[in-house]
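Side-chain atoms are counted along with the backbone in the values below, which use heavy atoms only and exclude waters and symmetry mates.
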Amino acid sequence: MSTQPREPPAAYHNGSSEYGGERGVYDDKSGSPNVVPGGEYDAHETAPGEQRELNRSLKGRHMQMIAIGGAIGAGLFVGSGGALESGGPASLVICFIIIGIQLLLTMQALAELGVMFPVNGAFYQYCVRFIDPSWGFACGWDYAIQWLTILPFEITAASITISFWKTGADTNVGVWITVFLVALAVVQIFGVRGYGEVEFVLSIIKITACTGFIILAIVIDCGGVPTDPRGYIGAHYWYDPGAFRNGFKGFCSVFVTASFAFGGTELTGLAAAEAANPLKSIPRATKQVFWRITFFYVVCLLMVGLIVPSDDPSLLNSSGANTKYSPFVIAINLAGIKTLPSIFNVVICISVLSVANSSAFASTRTMQALALQGMAPKFLAYVDKHGRPIYCVIIQLLFGLLAFVGEAGAEGTFFDWLLAFSGLANFFIWGSICFAHIRFRAGWKAQGHSLNELPYLATFGTTGSWIGLGLNMLCLMASFYTAVWPIGSKPDAEYFFEEYLAAPLIAVLYLGWKIWTRDPNIFIPASKMDVTSGMRIGIEEMRELALTKRDMSWKGLPMRIVHALI
């Protein structure tokens, strides 16, 4: 097949096809999709002759901070303690490195798609266009449900962190839930710019805290804290009680915990539609993922494993919002340092609120994109004159009211089952991103385009996406294994469904849309994919921006890796 790119149609015109519909996304006569910068994936008609889009006000600094610190939360600061206890320090570091590599590959694939198509809905839209509409429907709704249910949980968790102090413990948790919900509602009033500014500030605080902890941990490990009776520690805890705990089952449990700790990394792709300059901001933000993985996750947890013994009984309670049992707080307490545990608890509270802020952004944008595609109630597609999906915001805040269930003392069971619906969302979303990238490349080639036309290329190409997809499948297997055979207990049906209920939910969503649309196709044929709608710039402009002489040989791989990371 010729590798010469086809010239796009001179102008957008209405037509009809199986994959384009009446708006003419795909032109049967020319055999090629029409070029519609912005296209139906980026704007929608709210009144005759009027088009409204989401507000594109996220700057490069917002995108970079969302990438670096956006997903740093209770998974790192609290959940890692439970992982340390169940798998040991070696499993903790190894599993986070493996998941980090998986995320690096996934984010590279997402960056290529996000720069090319900075459309509303991002990866959900990519699944609809390059894999299958039913797959995209399941992907979009599973992602929206995940963040809808996470918000009340995170609001409750943030409120519980206040009980770290005696004054906070004496105050009814409902008071703090109200305060945090009102604060979140205020942020939503300012739209995406409010989200960006809040995340910028909160991410700086989290990054500063991680950097400070690493420095403190080195001092503690070398015996430089006068109040620490242990003196020089070195790698003692890797020998006693040991580098690994609970064998292969313990390793798998950490594998799953590490995956959830990285949840939210994909938000840079979701924010692409509201980025002022996605061509520059998305690649830069994607490169920051490498540094976040290396520095803020791997190095932090390596130091935690060096200064906190994995058999410390306090680690058994390291889950949810039990900040007093955070391995970071435990490390500081073991060193006999006063006041600092309270300061770090503030950081954890801020981190949890940051995740709550991100959940409001992620769910509202996904629901609005689903509505634009006809996969959600039509009223959810409405965007007000300030670029806010106002009805989606209202629904998200209404879900936030579920946080008051905690006052009835039933939050444990309630949230366990509520979060079970989205338990596997990360694996499904990340795997779908990699698969959508593979399918996009197939469609791009099948329709006569070349890689030189793409303004940004994933460093590891489709090979990286295949590896990323494979690692996500391993995550699903590890999750299934630990759900069936939990550590320290016999197989339990209730525990299994709490851990794996999302799997049948995804299957129901997928099959339900197949039946509703009566679509027998498994995949969209490569020759019929819509590979041009949603671009903010046309093919010719992309050719000028793209490097005309990219060295795609193995010889040029080292420099491509350097450019991808720096």
Side-chain angles (χ1 to χ4, degrees), residues 66 70-75 77-79 124 140-162 173-192 194-196 198-199 202-203 260-261 263-267 270-271 319-321 348-370 376 380 388-408 410-426 429 501-502 505:
I66 291 171
I72 296 177
F77 291 133
V78 182
Y124 139 72
W141 271 112
D142 185 52
Y143 194 68
I145 291 171
Q146 176 196 26
W147 289 110
L148 282 170
T149 54
I150 280 177
L151 178 62
F153 173 79
E154 296 294 342
I155 291 292
T156 302
S159 302
I160 294 174
T161 61
I162 306 298
V173 69
V175 174
W176 300 111
I177 290 174
T178 303
V179 170
F180 293 143
L181 274 174
V182 171
L184 186 65
V186 171
V187 172
Q188 298 307 306
I189 292 174
F190 293 97
V192 69
Y195 162 73
V198 169
E199 281 305 301
L202 298 185
S203 293
F260 286 114
T265 305
E266 71 288 336
L267 283 173
L270 192 66
S319 62
I348 297 175
C349 182
I350 288 173
S351 300
V352 173
L353 289 175
S354 172
V355 176
N357 185 44
S358 296
S359 70
F361 173 81
S363 61
T364 54
R365 270 56 183 180
T366 303
M367 287 189 293
Q368 196 260 348
L370 284 162
L380 294 178
R388 299 170 299 196
I390 196 68
Y391 293 123
C392 297
V393 170
I394 292 172
I395 289 177
Q396 176 66 90
L397 293 176
L398 288 175
F399 262 81
L401 296 176
L402 293 174
F404 287 104
V405 170
E407 288 192 275
E411 71 273 9
T413 303
F414 176 77
F415 283 125
D416 284 345
W417 285 105
L418 193 64
L419 295 175
F421 284 104
S422 58
L424 304 176
N426 287 335
I429 295 297
L501 187 61
L505 171 65

May I ask you to decide if Pro152's main-chain N or O and Thr156's side chain share a donor-acceptor pair within less than 3.5 Å?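 Confirmed, Thr156 side chain pairs with Pro152 backbone.
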Is a donor on one side and an acceptor on the other found under 3.5 Å between the side chain of Thr161 and the backbone of Ala158?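 Yes, Thr161 side chain to Ala158 backbone: donor-acceptor pair under 3.5 Å.
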Would you indicate whether the side-chain heavy atoms of [Y] and [X] approach each other to under 4.5 Å?
X	Y	answer
Phe399	Ile395	yes
Asn426	Gln146	yes
Trp147	Thr364	no
Leu370	Leu380	no

So, taking the atom named [atom1] in [X] and the one named [atom2] in [Y], what distance separates them when rounded to the nearest 0.5 Å?
X	Y	atom1	atom2	answer
Tyr124	Asp142	OH	CG	14.0 Å
Ile177	Ile155	CD1	CD1	8.0 Å
Ser354	Ile348	OG	CD1	13.5 Å

Could you give me the CA-CA distance, side-chain angles and deciding distance for Val352 and Phe180, then say whether side chain to side chain contact (heavy atoms under 4.5 Å, CB included) is met? CA-CA 11 Å; Val352 173; Phe180 293 143; over 6 Å; no
How close do [X] and [Y] get, heavy atom to heavy atom, and via which atoms?
X	Y	answer
Ile150	Ser359	CG2-CB, 4.3 Å
Thr366	Gly140	CG2-O, 3.3 Å
Phe404	Gly174	CE2-O, 3.7 Å
Glu154	Ala356	CB-CB, 3.9 Å
Ser351	Phe77	OG-CE1, 3.1 Å
Ile162	Cys349	CD1-SG, 4.1 Å

